[in-house]
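Positions are given from 1, in the same order as the sequence printed here. Side chains are part of it too, since the values below use all heavy atoms of this structure and drop only hydrogens, waters and symmetry mates.
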Amino acid sequence: MATEVFNSKSLAVQAQKKILGKMASKSIATALVDDTSSDVLDELYKVTKEFTQNKKEAEKIIKNLIKVVIKLVVLNRNNQFNEDEILLMEKFKKKFHQLAMTVVSFHQVDFTFDRNVLSKLLNDCRDMLHQIIDRHLTAKSHGRVNHVFNHFSDCEFLAALYNPFGPYKASLEKICNGVNKMLDDKNI
């Protein structure tokens, strides 16, 4: 007969992930992220909605992004990552920092934008994130990661976003200003 071991910390972490995952909305995101991050999310929603021509899809992408971030924070704050995952998380942070710097650089320096470079950085981040969350989150969460990264790494989306004569020029400016501020504040 197997003995059941009750682990309240594990149960609490599961409950936090479940509750925060269900509550991922703009109001919760605003409570958990600073104004700059919120502004960047708003602009990402705006360009996604315009690009996809689908309000519901844009909302789902941003909601999935928020859910994944919240779950990562919960796992990290509750020390759920093993040594390998912690090392991978550090590698992910560096790669994400590189991605953020590239996003800004491509906007600030004329004629440097390369959709393939940006797409590859996003896909590298996605792959690392899958490894980090592999033993902690469900297949549904992995699907959310794919949904978010597949959209933002889409070369057609990136080309439209960075088109200097396109409809997203003002939004890209706001996104890059926000990302730049987050880099300056060491939030990325």
K63 versus K67: any side-chain heavy-atom pair under 4.5 Å? yes
Between N82 (side chain) and D84 (backbone), is there a donor-acceptor pair under 3.5 Å? yes
Under a 4.5 Å cut-off applied to non-hydrogen side-chain atoms, are F81 and H136 in contact? yes
Could you go through F152 and L44, starting from their C-alpha distance and side-chain angles, then the distance that decides it, and tell me whether this counts as side chain to side chain contact (heavy atoms under 4.5 Å, CB included)? CA-CA 9 Å; F152 290 114; L44 287 172; 3.8 Å; yes
Does a salt bridge link D124 with K120, judged by any charged N lying under 4.0 Å from a carboxylate O? yes
Any side-chain heavy atom of D39 within less than 4.5 Å of one from K174? no
I'd like to know if the side chain of N150 and the backbone of N146 have a donor-acceptor N/O pair within less than 3.5 Å. yes
Answer yes or no: is there a donor N or O on one side and an acceptor on the other, between the side chain of E156 and the main chain of D154, under 3.5 Å? no
Nearest atoms (heavy-atom pairs only) where K169 meets P164: CD-O, 3.3 Å
Which of these passes side chain to side chain donor-acceptor pair (under 3.5 Å) with E57: K49, H151, H147? H147
Is a donor on one side and an acceptor on the other found under 3.5 Å between the side chain of Q108 and the backbone of S105? no
Of all heavy-atom pairs linking S153 and S119, the shortest is O-OG, 2.7 Å
How close do K71 and R144 get, heavy atom to heavy atom, and via which atoms? NZ-NH1, 3.6 Å
Interatomic distance, M89 atom CE to L129 atom CG [nearest 0.5 angstrom]: 7.5 Å
Counting C-beta onward and ignoring hydrogens, is there a side-chain heavy-atom pair between R126 and V148 closer than 4.5 Å? no
Enclosure of M101 CE (heavy-atom neighbours >12, cutoff 6.0 Å): no
Residues V104 and C176: closest non-hydrogen pair is CG2-O, 3.7 Å
Which heavy-atom pair separates F149 from C125 by the least distance, and what is that distance? CE2-CB, 3.8 Å
Closest heavy-atom contact between I188 and A100? CG2-CB, 3.7 Å
With heavy-atom distances below 4.5 Å as the criterion, would you say the side chains of K93 and H97 are in contact? no
To the closest 0.5 Å, what do you measure between OG1 (T48) and CD1 (I62)? 5.0 Å
Could you check L161, L158, N123 and say which one makes a side chain to side chain contact (heavy atoms under 4.5 Å, CB included) with L118? L158
Distance from F157 atom CZ to T52 atom OG1, nearest 0.5 Å? 9.0 Å
Whether the side chain of Y162 engages the backbone of V103 through a donor-acceptor N/O pair (distance < 3.5 Å, no angle test) should be reported. yes
With a sphere of 6.0 Å drawn around CZ of F96, does it hold more than 12 non-hydrogen atoms of other residues, nucleotides or ligands? no
Rounded to the nearest 0.5 Å, what separation is found between the CD1 atom of I66 and the CG atom of L41? 5.5 Å
If I take atom CD1 from residue I70 and atom CG from residue L65, how far apart are they, to the nearest 0.5 angstrom? 9.5 Å
Salt-bridge contact E59-K56 (side-chain N to carboxylate O under 4.0 Å): no
Validation row: K91, K95 side chains within 4.5 angstrom (heavy atoms): no
Same apolar cluster: L87 and L75, side chain cutoff 4.5 Å: no
Validation row: N163, F113 side chains within 4.5 angstrom (heavy atoms): no
Do I132 and L72 have side chains that get closer than 4.5 Å, going by heavy atoms? yes
Taken to the nearest 0.5 Å, the spacing of L137 CG from H142 NE2 works out to 6.0 Å
